[in-house]
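Just so it is clear: chains get the letters A, B, ... in the order the sequence lines come, proteins before strands, and each one is counted from 1.
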There are 2 protein chains.
Amino acid sequence: MIEGPYIAEAAALIGDPARANMLSALMDGRALTATELAHVAGVTPQTASGHLAKLKEANMLVVERQGRHRYFRLAGPEIAQAIEAISVVAQQGAPRHRPTGPRDEAMRFARTCYDHLAGQVAVAIVERFVELGYLVEGDDDFDVSDAGILALKDFGVEVESLRGQRRAFARRCLDWSERRAHIGGALGAAFLARCEAQGWLKTKAGSRSVLVTDAGRKGLSKSFGIGLPA
Amino acid sequence: MIEGPYIAEAAALIGDPARANMLSALMDGRALTATELAHVAGVTPQTASGHLAKLKEANMLVVERQGRHRYFRLAGPEIAQAIEAISVVAQQGAPRHRPTGPRDEAMRFARTCYDHLAGQVAVAIVERFVELGYLVEGDDDFDVSDAGILALKDFGVEVESLRGQRRAFARRCLDWSERRAHIGGALGAAFLARCEAQGWLKTKAGSRSVLVTDAGRKGLSKSFGIGLPA
DNA sequence: ATCATACTACGACCATAGCCGAAGTGTTGA
DNA sequence: TCAACACTTCGGCTATGGTCGTAGTATGAT
C-alpha cells in the first residue's frame, strides 16, 4: 500500500491530545489566537506555537495576522469533516469508563458543529421536521419538501437561494453524541444563523456550547411543535 | 473541550504508519490474516500482533478465527469513512515532494475503495455517464436518470432493486488520487461486481489495484464510449 | 508422535517527539 | 524610549511507544 504513510502523517497530526483539543476548539469555524489555543490545549505558548506551526504546515489551519495577534482557523470544511468522522469512530470504540461532566452535558444538549447546530436540540429539530414532512432523509443528505420550503420561508430562511452553491446543500451530518443525523451544509448554517438572529439561540464565546433562550424554547414549540427537555 | 482526548486517541491509533497501512489494506472490505497484514505493514508478525490487538480493542477491527488463521476486517463503514476523510486532508496537506512509484501508478489508474471502483477509470466512467445524462451529480450523492436506468439495465445492473437499502444508494465518494468524485454506495458496489462478472475488470489478490482487461477496454468503449489511456 | 505454521506474550532497546525554560523578534501603547 | 505583550526559536530533558528477539500456545499436516 502506498497511501498508508500519508494517511498516518495526517492522522498522527490529529492524534496528539494538545492538537486535537485545538482542532476541537476550532470546530465551530471561528478563529482563535495562539494564546487562546494554548489555553484550551493546556500547554505553554511555546509548545502551542510548535503545534500550530505543524498544523499550518499540513494545511489544516490557516492563519491571519492582526496586529500582534495571530488568528488560526480551520483551513476548510474537509478538516472539520475528517474530525467529525474520527469522532464517530472514537465514540463507538469506547465502551470503557467515560465520565461526563456538566460541561459535557451542555455540549450534548446543543453545540455548534463547524457552522451549524448539533446535539440533542439539532436532532430533535430534524426528527420533528421529518415527522412534519418538511424534510426527507436521504442516504447522505436531506431534501426539503414543498411544505418545508414554505415553512422555512415563514421562519425566515430562503431555501432555494441555498441550492447550487459550491458547498453541500443539506448534508446529513452524523451527531457524535446522539448517534443520529442532524442538518449540515448550507441549510444547516442558514438555519442556525436565523435562530441566532431571532434570539432563539446564543453561542457562547470560547465554547462550542449553544444556549437555548426562553424565546427559543417558546418559538420552537409554537412554530414547529418541538418540545425540549428542561 | 471535552472530546479532544478521545479524538486524539482514535486518530493516534490511525496515525501510526504500520497501522495505517493495515487499515488501508482493509479498505476494500475484505478480511486479511494477521500475517498478510504484517506483510503489507512491513513489520514482523509479533509487532503486527500488537497493532492488531490495539485496533481490535478500539473496535476499529473485528476478528474471525478460522482454524489457525485469524481474519481481520474493518469493523464497519464508519471506519472506512473516517480513513477516507483523513485521506482527503492528507492529500491537500501535501504540496511537497511525493514520489510516485509504479505501484502507485497502478493504484491511481484503478483500485477498489471499500467495495466499489476508484481511480482514473472510475472517474472517467462517472464523467462519461454524467455527459450522457445517465447520472446527475448532487451535493453528496448521485441520482440516476431514466435513461441511466435503461442503460444500466442493458449492462446488467438493476438500479431500482438497489434503492431503499440500509446503505447509501449512490454515494458521491471523493477520489483521493483524482480529486474528483466517483460512485460509491450500493450502486458503486453493484457496478463493480457486474464489471468483474463480465470479465472487464479483475481484482488482484492482496492488493487494491484493479486490472482492466482488453475485453473491459473494448466493452467500455463500445457500450459507453469511454476511452482509457494506454 | 512429530513437525510446521499461525499467532501471542514478554522484555529490552532506542528513536521520535512532546514539553518547558531561556532568549529572541516584532507590535502596541504609554 | 521604554515596557508590556504576543508569539517564535532553540536546546535539553524525558517519556511514550514502536520495534524485534526469544519464548510460549494453539492448530493443522505428515
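The distance from atom CD of A:Q46 to atom P of C:dT25 is 17 Å, rounded to the nearest whole Å. B:H69 has its NE2 atom 12 Å from the P atom of C:dT5, to the nearest Å. To the nearest angstrom, P of C:dC20 lies 8 Å from NE2 of A:H51. If you take CG of A:L32 and P of D:dA6, they are 15 Å apart, rounded to a whole angstrom. Across the protein-nucleic acid pair, A:H39 atom NE2 and D:dC7 atom C1' stand 17 Å apart, rounded to whole Å. Taking atom CD of B:E64 as the reference point, atom C1' of C:dA6 lies 16 Å away to the nearest angstrom. Distance A:I14 CD1 to C:dG18 P: 14 Å, rounded to the nearest Å. Here the P atom of nucleotide D:dA15 and the CG atom of A:D16 are 17 Å apart, to the nearest Å.
A distance below 6.0 Å separates the ring centres of A:F155 and A:F191.
A:T213 places a side-chain N or O within donor-acceptor distance of the main-chain N or O of A:G199, the cut-off being under 3.5 Å. A donor-acceptor contact shorter than 3.5 Å is absent between the side chain of B:R19 and the backbone of B:L55.
Comparing A:A18 and A:R68 along DNA chain C, the residue whose closest nucleotide (by nearest heavy atom) sits nearer the 5' end is A:A18.
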